[in-house]
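One structure is given here, and the rest of the page talks about it.
Below, each value reflects all heavy atoms present in this structure, side chains not excepted, and no hydrogens, waters or symmetry copies. Residue numbers begin at 1 in each chain, while the letters A, B, ... track the order of the sequences.
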Amino acid sequence: MLQTLSLLLENKPGALMRVVGVLAARNYNVESLTVARTIDETLSRMTIVVDVESKVRAQVVKQLNKLVNVLQAQDLTEERSVAREMVLLRVRAEMANRTAILKEAEIFQARVVDSSVEGFAIECTGDPEKLDEFVDLMRSYGEIEVTRSGLVAVTLEPKKLRLASPVPMGAAEEEEEQQERVLSK
Amino acid sequence: MASTTTTQPIAAGTLLSGSQILLECLRREGVDLIFGYPGGVTLPFYDAMYDHEIQHVLVRHEQNAAFAAQGYSRATGKVGVCCATSGPGAMNLVTGLVDAMMDSIPVVAITGQVTSKLIGTDAFQEADTFGITRPATKHNFMVKHVSELPRIIHEAFYLASTGRPGPVLVDIPKDIFQASSHYQPVDSIHLPGYKLYTEGHTGQIRRAAQMIWESERPMVYAGGGIIHSHAHDELKELVELADLPTVNTLMGLGALPGNHRNFISMPGMHGSYAANMGMYNTDLIIALGVRFDDRVTGRLAAFAPHAKVIHVDIDPSEISKIRNAELPIVGDAKKVLQKLNRVMRELEPEMRALKSNQRAEWWNTIRGWMEEHPLKHEFSIDQIKPQHLMAEINRISNGEAIVTTDVGQHQMWAAQLIRYDHPRLWINSGGLGTMGFGLPSAIGAQMACPDKLVFTICGDGGFQMSIPEFATIANHKLPIKIIVMNNGYLGMVRQWQELFYNNRLSQVTLDSFPDATMLAGAYGFKGRTIDKPEELRAALEEAVNEPGPYFLNVRVTPTENVYPMVPAGGAINEMVLTPPQPVAVA
């Protein structure tokens, strides 16, 4: 099944590699992945769609949460959330079809971003199923070329961000000493 | 620049080189020993080390630096440190890091990297260490500026040693070692995404106590997590409090003393009959710091089919990863067990009698299994049986010696037949199963515990992967007793070829083993080969009485197999107890 995850992670070297790496190593199939900085430029927000068996869904979230750079990994699959994707497509259009294509675009609230003798470049946003329909429809008019952004999602039930607080240096050492004392008993 | 020969902390603001800052950070972390091998880009670091009190053990291959650091860590619980140069040096560490990752061993690896400006140019001895070691470590760092060095080093040690321990690597370009900076000591670690769950949920702990008292056939399944969290006393307390039968995994041997009356044995592929039958028939598994490894569970569907599971682990991702836990508790084993024991005592007056008859009957059943099929010690009058060798080592050790091994038949016999009465005595490559682990990890263990008797038991296969470390052992006059259980085969592979591949022995014969006396003699210590059972006891005693290293090559029955055995993918209650009998020809 498709699982939608939202990740908040530190914008540090290798952070993306760690996320992708853990997904690959654990044999989770990535359907799409988008990443960009947040308003806090030290952080990135990532939306990942993976195709996994439903019984490993919790495992995926736990594995991602285990990464040191990941502040929060949330499963949005069954939560109240909004998910959108964008598609940019070029469609070759015969003179006879041009008006029809524009009408269809309007129905999907798509925007024409370039027009030439060959045809149109169109942008459309929506949920992935709606975009699938739009792409299918455009294909019926002629040759198309499609670039999809992958899903971006936002939860409508934000969970409280739980962060580790700073630990004074030496705290771990003290604990270790204590353990050593126990050992030497 | 200031000299760093002193043990005194270096004052904030002192102008130091990156190398000196690194040494000061290591000193603050309490590191007095590192295992390593120098090279081009670590020259500035080794130069700074020349004036520093830190002890460096020069191994003969970087892989063994990682294993020695592990041996040091596994014997003490402290973070082991290893160091290698860029490219080939760092790459040689990788097996040791993955090995540490699989067994949750805290190791910090310092690697040199080519000068920042050359990164990405395919420079001499350049490798993408940061990229390649990402999945081999719990976390890794590349230092981009000398000012980051103190923060990163302390974060590395913090990550390696807290939570579920593991290896952490810090990659340092040559120019960072050379750059100078006003040293600013770090006073706190801030890793906002690194969430530790140590306490354990109080309500869950209460429910666990209830479940334990209510169970009729409980079984404690304790593993490496008990040892990592120093929870052995708490485990003993729990086990004694409710008189619980206990199995220790391969990683957990010694968590409950081997001579404890509640200790059954190791479960799993080569576990005892009683341990596996206990796991199969139990109605409550109390899983403490274990991960339901496939070598323990066998065919999952047939593993403990009647049991509920209480699973205590510090790593949330281990809970219900393999086997669903009816009662999960995320926390540090020591802290959770302290609380659990308290609640157990609280409930004791009203609960103790509840299932006492069923419990007594359960113990009778288990004792019956133990008597019916004990782990056998085989003897022969004309050949040394491998089990005989282990029994003799066990006699000398008496539960007190450190034993390190490689992987394979000798490892399983050493796990079955040598007793470990304390944690941190049994050191072996469990999860990754790495050949060549035994000898270098013994170096680390003996460096950490100079007064302890250390045996390394290797097969003749794995031993030949780490022979170069004879030089390190000789150099430091480490009194390690190197025992090779020599059957002339890659024994475990041969066993599987015999059992599952129609005895078609493909590439498992190891001819041309070196002469033990000459090999050890070449490095300046004693060694000999024996092959008669009557020589065994005296030879082992001679080895142990030798003040320096001793190499004892023991020729054992070549075709002995390890039993009991749960064939891969088999059910644990259907283990094979003895070798299949040859069919008589009519």
Ring-ring centroid check B:Y194 B:H139, cutoff 6.0 Å: no
Pair A:R45 + A:D40, salt bridge at N-O below 4.0 Å: no
Residues A:E78 and A:R57 bridged, charged N to O under 4.0 Å: yes
A:E79/A:K159 salt bridge by N-O under 4.0 Å criterion: yes
Most contacts with chain B, counted as non-hydrogen pairs under 4.5 angstrom, among A:A164, A:G14, A:P13: A:A164
Engaged part of B:N324 at the chain A interface, taking heavy atoms whose separation is under 4.5 Å: neither
N-O pairing of B:R28 and B:E24 below 4.0 Å: no
A:V68, part contacting chain B, at a heavy-atom distance under 4.5 Å: both
Among the listed options B:P316, B:G131, B:G163, the residue most often paired with chain A at heavy-atom distances under 4.5 Å: B:P316
Charged N-O contact under 4.0 Å between B:R291 and B:E318: no
Part of B:L159 within contact of chain A (heavy atom distance under 4.5 Å): side chain
Which atoms of B:F130 approach chain A - backbone, side chain, both or neither, heavy atom under 4.5 Å: both
Choice from B:K321, B:H190, B:R134 maximising heavy atom contacts with chain A below 4.5 Å: B:R134
Side chain, backbone, both or neither of A:L67 within contact of chain B (heavy atoms, under 4.5 Å): backbone
